[in-house]
Amino acid sequence: MKKSIEDDVFIPLYSKSLLEDRSSRHSQFQERQFWSAVKMFRNVLSWDGFLEEETLQDLALDKVFNRYLLLVLLNTQPGTEMVTKCKRVVECLPESWFRSQESGSPLQRLANFSKHLLQCIHTLYKLNDRENMKILVHLLLKIKAMDYAEEVINRYNMEELKGAK
């Protein structure tokens with residue numbers, strides 16, 4: 001699997017100016033490569049229960065997510081497209097990883113992603129995009145980033161999400 005990840009996953013990094021035009025070849029190529037990497041991520045995670053959890057987290061989170069997917073997410077403007085990408089990634093994560101997780105903090109390997117979600121929520125608030133804010137709060141709750149989720153719920157008066165924990 002490690003060899004397959006190294007050989008098959010490639011997402012080029014382009015300047016923001018090249019990616020601003022969503023119809024440009026660069027933007028379309030990066031988009032295809034992102035979704036191809038998500039597919040690899042999902043396939044690696046389908047081995048949950050068969051491989052040791054540490055090995056699986058190393059392959060999926062370190063070798064695919066943090067190395068490739070997170071970089072694209074960090075360079076995607078907060079909005080519906082970015083929320084959809086984040087949602088798809090979180091949907092791939094095995095729920096078993098979060099059952100024994102300490103309340104308040106996410107998996108260490110998802111710490112940068114959690115911080116990114118928090119920053120995006122703040123940006124979406126400025127854009128008055130409450131629906132996408134709610135989706136990102138649900139993602140924070142799902143990955144057990146409770147401290148960040150509670151911060152947002154309290155700061156932006158999202159009381160309707162308090163029971164979602």
Side-chain angles (χ1 to χ4, degrees), residues 5 9-17 19-20 27 30-31 33-35 37-42 44-45 48 53-165:
I5 291 168
V9 179
F10 170 71
I11 301 177
L13 295 177
Y14 297 116
S15 68
K16 285 193 178 200
S17 62
L19 298 174
E20 285 174 353
S27 179
Q30 187 182 63
E31 190 74 5
Q33 293 303 102
F34 174 81
W35 290 111
V38 169
K39 186 176 179 181
M40 174 66 81
F41 182 65
R42 185 180 64 238
V44 169
L45 289 171
D48 183 44
E53 189 172 290
E54 178 64 26
T55 302
L56 194 61
Q57 286 185 9
D58 178 59
L59 288 168
L61 297 178
D62 293 342
K63 305 263 186 286
V64 180
F65 180 72
N66 286 321
R67 185 177 295 169
Y68 297 105
L69 299 176
L70 186 57
L71 290 175
V72 173
L73 294 174
L74 291 171
N75 289 305
T76 303
Q77 290 290 82
T80 303
E81 177 190 345
M82 191 274 313
V83 170
T84 300
K85 288 177 177 179
C86 291
K87 190 174 172 187
R88 291 291 180 264
V89 166
V90 171
E91 287 170 353
C92 295
L93 297 171
E95 289 184 22
S96 61
W97 289 0
F98 305 104
R99 285 193 193 116
S100 61
Q101 190 66 23
E102 288 183 34
S103 183
S105 58
L107 288 172
Q108 186 59 38
R109 289 173 162 135
L110 292 174
N112 289 332
F113 179 59
S114 300
K115 290 175 189 172
H116 176 63
L117 292 177
L118 180 64
Q119 290 301 89
C120 288
I121 291 169
H122 294 316
T123 302
L124 290 169
Y125 176 77
K126 293 174 187 169
L127 298 171
N128 201 25
D129 188 349
R130 201 157 176 88
E131 285 309 307
N132 280 324
M133 287 173 64
K134 287 180 187 178
I135 293 169
L136 293 186
V137 171
H138 280 290
L139 296 181
L140 285 172
L141 292 169
K142 185 170 180 181
I143 63 172
K144 301 293 186 198
M146 300 302 198
D147 293 344
Y148 289 157
E150 287 177 16
E151 175 188 327
V152 168
I153 289 169
N154 293 329
R155 184 173 184 176
Y156 298 122
N157 298 318
M158 302 176 89
E159 301 299 319
E160 68 275 13
L161 297 178
K162 278 205 176 191
K165 297 175 191 174

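Sequential numbering from 1 along the given sequence is applied to the chain's residues.
- To the nearest 0.5 Å, atom CZ of residue Phe65 and atom CG of residue Leu73 are 6.0 Å apart.
- Across all non-hydrogen atoms, the minimal contact from Leu127 to Pro78 is CD1-O, 4.1 Å.
- In terms of modelled atom types and a separation under 3.5 Å, the side chain of Gln33 and the main chain of Val9 share no donor-acceptor contact.
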Using distance only, find each side-chain donor-acceptor pair of residues 107-114 under 3.5 Å and give its atom names and separation, not counting sequence neighbours.
{"unit_1": "Arg109", "atom_1": "NE", "unit_2": "Asp62", "atom_2": "OD1", "d": "3.2"}
{"unit_1": "Arg109", "atom_1": "NE", "unit_2": "Asp62", "atom_2": "OD2", "d": "3.0"}
{"unit_1": "Arg109", "atom_1": "NH1", "unit_2": "Glu54", "atom_2": "OE2", "d": "3.4"}
{"unit_1": "Arg109", "atom_1": "NH1", "unit_2": "Gln57", "atom_2": "OE1", "d": "3.2"}
{"unit_1": "Arg109", "atom_1": "NH2", "unit_2": "Glu54", "atom_2": "OE2", "d": "2.8"}
{"unit_1": "Arg109", "atom_1": "NH2", "unit_2": "Asp62", "atom_2": "OD2", "d": "3.2"}
{"unit_1": "Ser114", "atom_1": "OG", "unit_2": "Leu110", "atom_2": "O", "d": "3.0"}

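- No side-chain heavy atom of Tyr156 sits under 4.5 Å from any side-chain heavy atom of Leu124.
- Here the CD1-CG distance, from Ile121 to Asp129, works out to 11.0 Å after rounding to the nearest 0.5 Å.
- Within a 6.0 Å sphere centred on OH of Tyr125, heavy atoms belonging to other residues, nucleotides or ligands number 12 at most.
- Here SG of Cys86 is found 9.5 Å from CD1 of Ile143. Values are rounded to the nearest 0.5 Å.
- Heavy atoms only, all atoms of each residue included: Ala60 and Leu45 are closest at CB-CD2, 3.4 Å.
- Within 6.0 Å of NZ in Lys87 there are 12 or fewer heavy atoms belonging to other residues, nucleotides or ligands.
- Note that the NZ atom of Lys134 and the NE2 atom of His138 stand 8.0 Å from one another [nearest 0.5 Å].
- Across all non-hydrogen atoms, the minimal contact from Arg130 to Asn157 is NH2-O, 2.8 Å.
- When side chains are defined from C-beta on, Val137 does not count as touching Tyr148, because their heavy atoms never get closer than 4.5 Å.
- In this structure, Leu74 CG and Leu69 CG are separated by 11.0 Å, a value rounded to the nearest 0.5 Å.
- Heavy-atom minimum distance, Met82 versus Cys120: CE-SG, 3.5 Å.
- Looking only at side-chain heavy atoms (C-beta outward), Lys63 and Met40 stay at 4.5 Å or farther from each other.
- Rounded to the nearest 0.5 angstrom, Glu31 CD and Leu19 CG are separated by 9.5 Å.
- Side-chain contact between Phe98 and Lys142 is absent, with no heavy-atom pair separated by less than 4.5 Å.
- Phe41 has its side chain within reach of Leu93: a pair of non-hydrogen atoms, C-beta onward, lies under 4.5 Å apart.
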side-chain contact (heavy atoms from CB on, under 4.5 Å) between Arg88 and Arg42, intermediate numbers included: CA-CA 9 Å; Arg88 291 291 180 264; Arg42 185 180 64 238; over 6 Å; no
Go through it in stages, so that I can follow the logic: the residues are Leu59 and Val64, the test is side-chain contact (heavy atoms from CB on, under 4.5 Å), and I'd like the CA-CA distance, side-chain angles, deciding distance and then a yes or no. CA-CA 7 Å; Leu59 288 168; Val64 180; over 6 Å; no
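- Two residues are said to be in side-chain contact when any heavy atoms from C-beta on lie closer than 4.5 Å; Ile135 and Thr84 fail this criterion.
- Identified under the side chain to side chain donor-acceptor pair (under 3.5 Å) test for residues 73-82, with sequence neighbours left out: Arg22-Glu81, Thr80-Asn132, Glu81-Lys85.
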